Number of protein chains: 2
Amino acid sequence: MSSPGPAPQTERDPASGAYLLEDQVGFVLRQVQQRHTTIFAAAFGEDMTPLQWAALAKLHDVGECSQNQLGRLVATDVATIKGVVERLVRRGLVETRPDSSDRRRLLLRLSAGGHTAYAAGVGTALAVTEATFGPLVPAERAQLLGLLDRLR
Amino acid sequence: MSSPGPAPQTERDPASGAYLLEDQVGFVLRQVQQRHTTIFAAAFGEDMTPLQWAALAKLHDVGECSQNQLGRLVATDVATIKGVVERLVRRGLVETRPDSSDRRRLLLRLSAGGHTAYAAGVGTALAVTEATFGPLVPAERAQLLGLLDRLR
DNA sequence: CGGCGATCGTTAGTGTACTAACAAGCCGCC
DNA sequence: GGCGGCTTGTTAGTACACTAACGATCGCCG
């Protein structure tokens, strides 16, 4: 695993009002996400990405919906969701069929294999969340989720 | 601006121990970053990305360093930093020269235009951080940064 | 009924973020 | 003094994450 890893800690100068890249939310956020992605990949292997998993999980929840609809559910634009769905279909986890009442729409739902993959993945997904939270105690985890939620 | 926007809030069922995508750190993290990127793009325009800005800022801090070194400073792998540097050089913000004492290395530093761009951008960057933090009061911001830092 | 705005999916293009493999150069250690 | 291991940068390939433009379809409203 040769991920970039954390940026070196810079000595803080609490007195100065200078611009410190290390203290900007965006910069820290990016690194936390990198770590999360690494943890996810280590747990699920190369054949499942966070977004693919999100699509799978949402599809499991809603049963059936159109491609763009799924995109909105997992907070992804239409161009990106197309690729994700394409890969899931190619791997036999998702099935598509035309919507008879709206010929623009492409309806999606989990295949049998998709349901199996979801069932097999839930535990792993929870473990990924656990590992990402790392050393934080439950109260801190809730606090973090609450704060992030307000920034969403 | 037709970003995906926040995923619809799902009704929480506090009693159930079910897997809720919306409650997983990774999922929330991704959306916060999306929002940050949108804010960044609105403030800086299309010609500057968060990573390009990070590279510029770091290069300003350290004065001169090699390409891989810069990658480590901004927490980016060698393949990605190459593209970033290439685009900054193409726009005349960064200059390169060979390292006479190590012929593998490519030394980088800000050009005059790069220094100007940095000086012009610091205020905007601070405004982006401010906007990203949104409604959080200072104590909450510090708390969030502290928690994120432990997850880095 | 007919037209017009909105939505659905597709495509092309740019940038980030990795992995894996490679050649070239550097350096320490036998 | 050379050899083997490390770092530096490059390339190719995959997957996200957008923008912008497009054709097809839908549905409302006059």
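In this text, all values refer to a predicted model and were calculated from it rather than measured experimentally. Convention: sequence-line order gives letters A, B, ...; per-chain numbering from 1.
Atom CD in Q52(B) sits roughly 11 Å away from atom P in dA17(C) (whole-Å rounding). As rounded to whole Å, 15 Å separates atom C1' of dT16(C) from atom CD of Q31(A). Atoms CG (D47(A)) and P (dC18(C)) sit 19 Å apart, rounded to a whole Å. In this structure, the CG atom of D77(B) is 16 Å from the P atom of dA21(C), given to the nearest Å. Atoms CZ (R103(B)) and C1' (dC26(C)) sit 10 Å apart, rounded to a whole Å. When the C1' atom of dT16(C) is taken as reference, atom CD of E86(B) falls 14 Å away, rounded to whole Å. Between the CG atom of L70(B) and the P atom of dA17(C) there is a distance of 13 Å, rounded to whole Å. The distance from atom CD1 of I81(B) to atom P of dG15(C) is 14 Å, rounded to the nearest whole Å.
If G83(A) and E46(B) are placed on DNA chain D by their nearest nucleotide, the residue sitting closer to the 5' end is G83(A).
In this pair, F44(B) and F40(B) present their aromatic rings parallel. The plane angle is below 30°, not in the 30 to 60° band.
Within the 4.0 Å cut-off from OP1 or OP2 of dA17(C), at least one side-chain nitrogen or oxygen of R30(A) is found. At the phosphate of dC18(D), OP1 or OP2 sits under 4.0 Å from a side-chain N or O atom of Q34(B). Between S66(B) and dG9(D) there is a side-chain polar atom (N or O) within less than 4.0 angstrom of OP1 or OP2. Applying the 4.0 Å criterion to OP1 and OP2 of dT10(D), one finds that K82(B) has a side-chain N or O inside that range. Using a 4.0 Å cut-off, no side-chain N or O of Q33(B) falls inside it from OP1 or OP2 of dC16(D).
In this structure, the nucleotide among dC26(D), dT19(D), dA17(C) sitting nearest to the side chain of A79(A) is dT19(D). When each of dC26(D), dC16(D), dT10(C) is scored by its nearest atom to the side-chain atoms of D102(A), the top-ranked nucleotide is dC26(D).
Ion pair E86(B)/R91(B) not flagged as a salt bridge, since none of the NZ, NE, NH1 or NH2 atoms sits closer than 4.0 Å to an Asp/Glu carboxylate oxygen. Using a 4.0 Å cut-off between charged nitrogen and carboxylate oxygen, E22(A) and R152(B) do not count as a salt-bridge pair. The pair E130(B)-R141(B) counts as a salt bridge, with a side-chain nitrogen and a carboxylate oxygen less than 4.0 angstrom apart.
Side chains of T76(B) and R30(A): a donor on one and an acceptor on the other come within 3.5 Å. There is a side-chain donor-acceptor pair under 3.5 Å between D99(A) and S101(A).
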Quick test: give all pairs of protein nitrogen or oxygen and nucleotides 1-7 of chain D nitrogen or oxygen below 3.5 Å, distance rounded to 0.1 Å.
residue, atom, partner, partner atom, Å
dT7(D), O2, R104(B), NH1, 2.4

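Residue T49(B) is in sugar-phosphate contact alone, with no base atom involved, counting any heavy-atom pair closer than 4.0 Å across all strands shown.
Each of F27(B) and V32(B) belongs to its own hydrophobic cluster when Ile, Leu, Val, Met, Phe, Trp and Tyr are linked at side-chain heavy-atom distances under 4.5 angstrom.
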